[in-house]
Amino acid sequence: MTPAIIVFLLLLFIGAPVAVVMAMSGLAGGFALGGERMLGIIADRMFSGVSGFLLIAVPYFIFTAELMNQGGLTHKLIAFNNALFGRVRGSLSHVNISVSVFFAGLTGAAVTDTVAIGKIMIPEMKKQGYDAEYAAAVTACSSIIGPIIPPSVVMVVYATLLRDISVIDLFAGGIIPGLLMALALLGVSFFLAWKRNYPKQAPTPFKAAIIALLVALPAMVVPLIILGGILSGLTTITEASGFAAVYAILIGTVFYRNLTWRKIWDALVTTVRFSGVVFFLLATSAVLGWFVTRSGIARDAASMITTFSDAAFVQLMLVCLLLLAIGTVMDVLPALVVIAPVLVPAMIQLGFDPLHFAIMMIVVLNISNVTPPVGMTLMTAARIAEVPYERAIVASLPFYVSFLVVIVLLAAFPALSTWIPSLL
């Protein structure tokens, strides 16, 4: 075990890519366990890590999201949500959050939401008198709802890494936590808008609101295609993701008529790049996961957790703090593929519900997207808003506190994550 840990920490310290860190540490650990005869297993593990039929859905989900971005869907969703919140003080702040909820059912990737929504909402919020750092903070914090409300690339990756939970259960389990996070953000947004006297807009005429709804409706059907097909059992995850991509092309070219061949090509290029990163991470994580299983690290981790406390709630809170700490130095997917093979078996061994802990891990790691110093979505939003990253961090603190409240609620009431899956 020691050679693997040394290689892991050394490569991580010198800044090697996470995929290389996992592959080399798994290789060192395998060699320490059984010498040269173990090395032949490495290639087999890497292949098995990316050979699952379920993973075909990953590029389809990414492609669908990119098609929606290229097709100008964001403008339609913003217009519809603005019709809902226009007359309320701080309306653009609330619209920013509500659009992210709708967008979450289309993309499943936080940074994608940040860029697509931020490029439109942040300049408009600055123009109407909102603080630039506040516009960046609300955009970044609402964007992390994307990988929690289904569909979610992160959940597909999780189901591939830990095959004891189906993607359907993960998708269903993320609905209530995602909506709770949205409500928490809206609560903070309403309070800050009242306290800081942010502007409000003129009420939208009823006819204009209906038109905005009808224009946005074809795009809002995409989540129904994905979730309706999956949860009803009519389609598999892969089939639903493929149907969604075809539908996105049809509405972008036929209904909205602003999706050109050039934009489709750009969406394909982005899909290939992002998918390559995801699949390489999965291949190398399979090597590290194999070593963790063989070496008994998960058993040792479970023993370590019990030394701090025997209370289940305290144990779960300690693990959440660990995940938040890991999220300060690693992005969501790399952190997931590194830590999940170790923590999940340990928590199951301690008696925690696998689905409940899966949702907890996904929620906490996604909150790390706004946790400095990495905080990828917050950093991206700060760049769009043209404000120093430090100011955006300070502005995001009220929203961050609301997320911590949601974490405590999810830990205290497992049914928030397991109730909808139990109905299925």
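Quantities reported herein were computed from a predicted structural model and do not represent experimental measurements.
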Test side chain to side chain donor-acceptor pair (under 3.5 Å) applied to S189 and S93, step by step: CA-CA 7 Å; S189 175; S93 177; 2.6 Å; yes

From CA spacing to verdict: side chain to side chain contact (heavy atoms under 4.5 Å, CB included), I249, F63: CA-CA 10 Å; I249 293 176; F63 185 46; 4.1 Å; yes

Could you walk me through whether M121 and V138 satisfy the side chain to side chain contact (heavy atoms under 4.5 Å, CB included) test, starting with their C-alpha distance in whole Å, then the side-chain angles of each, then the deciding distance to 0.1 Å, before giving a yes or no? CA-CA 10 Å; M121 292 298 301; V138 72; over 6 Å; no

Looking at every non-hydrogen atom in both residues, tell me the closest pair between [X] and [Y] and how far apart they are.
X: P177; Y: I359; value: CG-CG2, 3.7 Å
X: P218; Y: Y247; value: O-OH, 2.7 Å
X: A267; Y: E66; value: CB-CB, 3.6 Å
X: I149; Y: I175; value: CG1-O, 4.5 Å
X: F313; Y: A411; value: CE1-CB, 3.8 Å
X: L324; Y: L404; value: CD1-CD2, 4.1 Å

Identify the residue among T377, N96, T114 that makes a side chain to side chain donor-acceptor pair (under 3.5 Å) with S143. T114

When rounded to the nearest 0.5 angstrom, what distance separates [atom1] in [X] from [atom2] in [Y]?
X: K119; Y: T139; atom1: NZ; atom2: OG1; result: 13.0 Å
X: S368; Y: L378; atom1: OG; atom2: CG; result: 12.0 Å
X: I393; Y: E133; atom1: CD1; atom2: CD; result: 12.0 Å
X: L186; Y: F399; atom1: CG; atom2: CZ; result: 9.5 Å
X: S402; Y: I407; atom1: OG; atom2: CD1; result: 10.0 Å
X: I251; Y: Y256; atom1: CD1; atom2: OH; result: 5.5 Å

Go through the steps to decide whether T371 and Y400 satisfy the test side chain to side chain donor-acceptor pair (under 3.5 Å), and finish with yes or no. CA-CA 8 Å; T371 306; Y400 197 87; 3.1 Å; yes

Not counting sequence neighbours, which residues clear ring-ring contact (aromatic ring centres under 6.0 Å, His included) with Y130? List them please. Y198

Hits for ring-ring contact (aromatic ring centres under 6.0 Å, His included) against F190, two or more places apart or cross-chain, chain-then-number order -> H94

Does a sphere of radius 6.0 Å around CZ in F255 hold more than 12 heavy atoms from other residues, nucleotides or ligands, not counting ones at 6.0 Å or beyond? yes

Does [X] use its side chain to pair, donor to acceptor, with the backbone of [Y] at less than 3.5 Å?
X: H356; Y: L416; result: no
X: S241; Y: T238; result: yes
X: Y60; Y: F243; result: no
X: S152; Y: I148; result: no
X: K126; Y: A385; result: yes

Only one of L316, I348, I362 clears side-chain contact (heavy atoms from CB on, under 4.5 Å) with F357; which? L316

Applying side chain to side chain contact (heavy atoms under 4.5 Å, CB included), run through I144 and M181 and close with a yes or a no. CA-CA 9 Å; I144 67 172; M181 293 176 72; 3.9 Å; yes

